Q: 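So that we are looking at the same thing, I have put the structure below in structure tokens.
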Amino acid sequence: MNKALRKAVIAGNWKMNNTRPETKALIESLKGKVANAGCDVVLCVPFTNLETAINAAKGSNIKIGAQNVHFAKSGAFTGEISADMLVEMGAEYVVVGHSERRQYFGETDETVNKRSIAAIEAGLTAIICVGEMLEDRENGITDELVAMQTKIALKGIEKDKLQKVIIAYEPVWAIGTGKTATAEQANEVCSVIRKTVAKLYDEAAADALTIQYGGSMNATNAAELLAQEDVDGGLIGGASLKADDFAVIVDAATKG
Ligand code: PGA
């Protein structure tokens, strides 16, 4: 396994935050701070902010993504947004299967798989989220559960499409709680994901796959997490809403 073979990607997940003026201001202030990043920099913003974010990020190294996508091409799915709509707007990434979608909006491993396929077929990079609840960890089933989520999410995705896939390991108990997984815990589960991908495809595919850690990653703990062999980046919630903090994490990934 070789960390140098894969791209580090730091992605902000703004969740349901920021108006359009706030979006413009935050990206304007971030641009200069991350201009020399040695990793890919992505911001996943609310649907209503996509156009503003894409315009604000023009000419910079910041790429824009959404936080969800429907699996159908079009049709009677009130309130949903298709992958083609996102692509047409200029989005390049989309978060799929975030634990908040699984917990509050009935997202299942099956729908995560369908949404991932739709995203990839439209040309988006899917940031597919997997991770255990605290109870799962206490029951000692983290590895099995995360391996299963990974397998189902990737069902039907051909090897040559894996370049459009990022897996984000996000222990649910660490999201927005201030409780970060230790660097060892994060690395251990990211390594389980990589081994699962190696079994599903092959070693080369697993070696090339970007696997992020997410869950209370911040300016203070990022360097240690990102230095781990199997942690190739981060999916950042709270700390992505502050330009200075996010820039420190990008910097840590550049060094990591
Ligand atoms: P957090 O969120 O950094 O605020 O814990 C991470 C995420 O939900 O992607």
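Note: hydrogens, waters and symmetry copies are ignored here, and every other heavy atom, side chains too, is used. For ligands, and for the atoms within them, numbers begin at 1 and follow the listed sequence. Quantities reported herein were computed from a predicted structural model and do not represent experimental measurements.
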Q: Relative to ligand 1, is Asn13 under 4.0 angstrom through side chain, backbone, both or neither, heavy atoms considered?
A: side chain
Q: Give a yes/no verdict on whether any heavy atom in Ala168 is under 4.0 Å from an atom of ligand 1.
A: no
Q: Short list, please: which atoms of ligand 1 are under 4.0 Å from a heavy atom of Leu235?
A: 6 (C), 9 (O)
Q: Any heavy atom of Gly176 closer to ligand 1 than 4.0 angstrom?
A: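 Right, Gly176 reaches ligand 1.
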Q: Could you tell me whether Lys33 and Asp244 make a salt bridge, using a distance below 4.0 angstrom between a side-chain N and a carboxylate O?
A: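 Salt bridge between Lys33 and Asp244, a charged N being under 4.0 Å from a carboxylate O: yes.
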Q: May I have the step-by-step check of side-chain hydrogen bond (donor to acceptor under 3.5 Å, both in side chains) for Glu170 and His98, ending in yes or no?
A: CA-CA 8 Å; Glu170 297 208 309; His98 189 276; 3.2 Å; yes
Q: Would you call Glu107 and Arg115 a salt bridge, using N to O less than 4.0 angstrom?
A: yes
Q: Give the atoms of ligand 1, by number and element, whose distance to some non-hydrogen atom of Ser216 is under 4.0 Å.
A: 1 (P), 3 (O), 5 (O)
Q: Which atoms of ligand 1 are found less than 4.0 Å from any heavy atom of Gly238?
A: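 Answer for ligand 1: 1 (P), 3 (O), 4 (O).
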Q: Could you tell me whether ligand 1 has any atom less than 4.0 Å away from a heavy atom of Gly215?
A: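 Heavy atoms of Gly215 do come under 4.0 Å of ligand 1.
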Q: Using a distance-only test with no angle check, is there a side-chain donor-acceptor pair under 3.5 angstrom linking Asn221 and Thr180?
A: yes
Q: So which heavy atom in the protein is nearest atom 8 (O) of ligand 1, and how far is it from that ligand atom?
A: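 The closest heavy atom on the protein side is His98 NE2, 2.6 Å.
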Q: Suppose I only count heavy atoms of Lys15 and a 4.0 Å limit; which atoms of ligand 1 are within that range?
A: 2 (O), 7 (C), 8 (O)
Q: Test your reading of the structure: does Ala239 have an N or O sitting under 3.5 Å from an N or O of ligand 1?
A: no
Q: Using a strict threshold of under 4.0 Å (side-chain N to carboxylate O), is an ion pair present between Lys161 and Glu121?
A: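 Judged by the 4.0 Å cut-off on N to carboxylate O distance, Glu121 and Lys161 do not form a salt bridge.
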Q: Is Glu132 paired with Arg137 through a side-chain N to carboxylate O contact shorter than 4.0 Å?
A: yes
Q: Can Arg102 and Asp109 be counted as an ion pair, charged N to O under 4.0 angstrom?
A: yes
Q: Strictly below 4.0 Å, N to O, side chains only: are Asp202 and Lys159 in salt-bridge contact?
A: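 Answer for the salt bridge query: yes.
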Q: Is Lys3 paired with Asp207 through a side-chain N to carboxylate O contact shorter than 4.0 Å?
A: no
Q: State the atoms of ligand 1, each with its element, that fall below the 4.0 Å cut-off from a heavy-atom position in Ala174.
A: 5 (O)
Q: Which residue supplies the protein heavy atom nearest to atom 3 (O) of ligand 1, what is that atom called, and how far is it?
A: Gly237 N, 2.8 Å
Q: Got the closest protein heavy atom to atom 9 (O) of ligand 1, with its distance?
A: Glu170 OE2, 2.7 Å
